[in-house]
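Please read the structure below before turning to the comments.
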Number of protein chains: 4
Amino acid sequence: MKLLTEKGIQATPMSAIAKAAGTGMGTIYNYFPTKEELINAIYLYIKNLEVQFITRKTNESSLKIKFLDYYKAFIDFNLQYPDCFAFMDQMQNSPVISCHTKEKGKAEFLQIIELIQKGQDEGIIKKMSIEAILQFLAGTMTAYVRWMLGIKENERKKYLDHQLRMVWDAIKE
Amino acid sequence: MKLLTEKGIQATPMSAIAKAAGTGMGTIYNYFPTKEELINAIYLYIKNLEVQFITRKTNESSLKIKFLDYYKAFIDFNLQYPDCFAFMDQMQNSPVISCHTKEKGKAEFLQIIELIQKGQDEGIIKKMSIEAILQFLAGTMTAYVRWMLGIKENERKKYLDHQLRMVWDAIKE
Amino acid sequence: MKLLTEKGIQATPMSAIAKAAGTGMGTIYNYFPTKEELINAIYLYIKNLEVQFITRKTNESSLKIKFLDYYKAFIDFNLQYPDCFAFMDQMQNSPVISCHTKEKGKAEFLQIIELIQKGQDEGIIKKMSIEAILQFLAGTMTAYVRWMLGIKENERKKYLDHQLRMVWDAIKE
Amino acid sequence: MKLLTEKGIQATPMSAIAKAAGTGMGTIYNYFPTKEELINAIYLYIKNLEVQFITRKTNESSLKIKFLDYYKAFIDFNLQYPDCFAFMDQMQNSPVISCHTKEKGKAEFLQIIELIQKGQDEGIIKKMSIEAILQFLAGTMTAYVRWMLGIKENERKKYLDHQLRMVWDAIKE
DNA sequence: AATGAATGAGACTTCATTCAT
DNA sequence: GATGAATGAAGTCTCATTCAT
């Protein structure tokens, strides 16, 4: 991941990946038939990691707090694994990631979808298409993390509350 | 642009670019010393286009309407030139775009910055760091356009109002 | 070597070299990072061959005979491997051969140097700087071989004695 | 010449030659149909210069002194125009110089040939084939000049006498 | 006559993939 | 199963030459 994002996919030979992975090129090809499939596999692997990280906590509080906890968890994950973020950010629009992979990656946000729908039913969250809200949230989060990763770690904290306020104001009824 | 985004940078040889441009490879190299510099130049060219497109209109209305007009103009530009959007979206995080180019690209949002600051002074817009707001807005816009470009043109209209509502609610005091 | 000297460095693509070597281009690049380094390596390889060829024989005769035997050995080597000679002759002044390589190539004439110094001590050879004598000898030898290679093999013999006479007269006290 | 020898023929584009010559590429092609012919023309031009330089002086002294004057004149020419020397030295064995050009270049040493033959007739110079002597002399001279050009100018003087002594001893009866 | 922008053939070099070990 | 040397297709870039100005 680190190699792939630092230099770009095309500038990272399989030999370098094998070396960094402490294995031989041939071994990689025993598990992934092509470089492309390796990258798609990494993509899905990270998506999985992400979901596991985020759905870990299931506290019992108000819907708003639950929602913001999710949102914060997303951010935390990406700030904690900046290489993962950089990788995903870069692959998002790359022709290397197949549609099939993208579909698979999406199918894991059930919990948050349910939460938002519940919020809409209770009149707390704006009555819009789920897709609109999800896209909106993803956009804000990506931009926020990308920004945070560009500034020093000790300066990050102060921006979180503002971000959460904007996000909540955006979707709340 | 089209080739570069459809196939990816590395899968697009200079020979193909030259052919599509109706010129010889050598000619391109007379103007851009490397493929990388060509891509950086396209990046800046689009940024320029964008700014010109957006700052065209200077209506005399309320700050909120002015702001949303800007926001809509951004969206319009990108929906109108989907190739440009795809290109920028893909290059944004690519190691091919140099820091220097990114800096140059940024230095053109004075108008919108001034508008937001005025809104903050008037108590209309949340008192947060400009950067936080700009990053937030950029994130929402990119996600929105990317989404819109993925659905049929006649279905797009209905989502715009929702998007604008979320955006405004997010930043308004 | 043959290709490189016959056609010239630049007129000999690596693909042709690989073909002649019965291998793939990539394989060559696994051992020599650039064409230039390949050529420098060939240069040093020949220098080595040469030294081994020349220092083979250690007869026990007069200093003059020993010296002329060395000189003849040099000539023999180059006449025996005309491709080597052509290569060295052409690369000698080429900007492709690095200073470093030239230095390395030089460091192998200790035996002949010692012989000349002994001759000087015994009053048999002119008391001049070793460098002056070595350069002189190298010049005569190169010219002689180049000439010989231009004429038919059976006509060569008769010129050797004359050459040796001139060489010895030149350096003898 | 300077460009051609410093970088090598292949590394010197016509555009660079034109620039250094203060003219346009097209203009060069009006006079020399190809790069190769330009180089051959330079070769002949230098050969001509050389002959004119050497045959300038016709003193009336002993044959030995006359001969050594010629030899010194050759050396002087090359030390005075080191670029010419480097050029000729490099082109000597290059496949770029055509046989025809080489032949033309040779046809200009009549004076020195006559001098040597006279010396042979008078029993002053060894009775060998003229070609053998000419090749020998050319070899010594080239090596000497190449060596001299590699050392500081103020250190050169002291080696000349030694060189002349070796050369004369080599060919004198 | 002088020019130099345009051109594409062809150079060097990389690297995904294979396969004998 | 692991390995990495071998491979050549394909990429970037150069530059001799042309030709409209």
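This structure is a prediction, so every number in the text was calculated from the model and none was measured. Order of the sequence lines sets the chain letters (A, B, ...), proteins ahead of strands, with each chain counted from 1.
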Between D:Tyr31 and D:Glu37: side-chain donor-acceptor atoms closer than 3.5 Å: no

Taking the nucleotide of DNA chain E with the closest heavy atom to each, which residue, D:Thr23 or A:Pro33, is nearer the 5' end? D:Thr23

C:Glu36 backbone acceptor or donor facing C:Asn40 side chain under 3.5 Å: yes

Within the 4.0 Å heavy-atom criterion, would you say A:Phe32 contacts the bases, only the backbone, or no part of the nucleic acid? nothing

Please check: side-chain N/O of D:Thr12 versus main-chain N/O of D:Gly8, any donor-acceptor pairing under 3.5 Å? yes

Mate of E:dT18 where both pairing distances stay under 3.5 Å, Watson-Crick or G-U: F:dA5

In whole angstrom, give the distance that lies between atom CG of D:Leu3 and atom P of F:dC15. 12 Å

Is a side-chain donor-acceptor pair under 3.5 Å present for C:Tyr45 with C:Glu50? no

Separation of E:dA11 C1' from C:Glu36 CD (nearest whole Å): 14 Å

Whole angstrom is fine here: how far is it from CD1 in C:Ile28 over to C1' in F:dA5? 14 Å

The Watson-Crick or G-U wobble partner of E:dA9, with both key distances under 3.5 Å, is F:dT14

What do you reckon, is OH of D:Tyr81 surrounded by more than 12 foreign heavy atoms closer than 6.0 Å? no

Whole Å only: how far is the CD1 atom of D:Ile9 from the C1' atom of F:dA16? 14 Å

Rounded to whole Å, how long is the line connecting atom CD1 of A:Ile17 with atom P of E:dT17? 11 Å

Check whether any side-chain N or O of B:Thr27 sits under 4.0 Å from OP1 or OP2 of E:dT7, and answer yes or no. yes

Nucleotide F:dT12, atom P - distance to OH of B:Tyr31 in whole Å: 21 Å

I'd like to check the side chain to side chain contact (heavy atoms under 4.5 Å, CB included) partners of A:Glu6; sequence neighbours left out, ordered by chain and number. A:Lys2

Separation of F:dT12 atom P from B:Glu37 atom CD, nearest Å, is 15 Å

Between F:dC13 atom C1' and B:Leu38 atom CG, what is the distance in whole Å? 13 Å

Each nucleotide N or O in nucleotides 9-11 of chain F that has a protein N or O under 3.5 Å away: list the pair and distance.
none

Going by atom types only, do A:Asn78 and A:Arg146 share a side-chain donor-acceptor pair under 3.5 Å? no

Return the 5'-most residue of the pair A:Thr34, B:Gly24 with respect to DNA chain E, ranking by each residue's nearest nucleotide. B:Gly24

Just compare E:dT13, F:dA2, E:dT3 and give me whichever is closest to any side-chain atom of A:Asn30. F:dA2

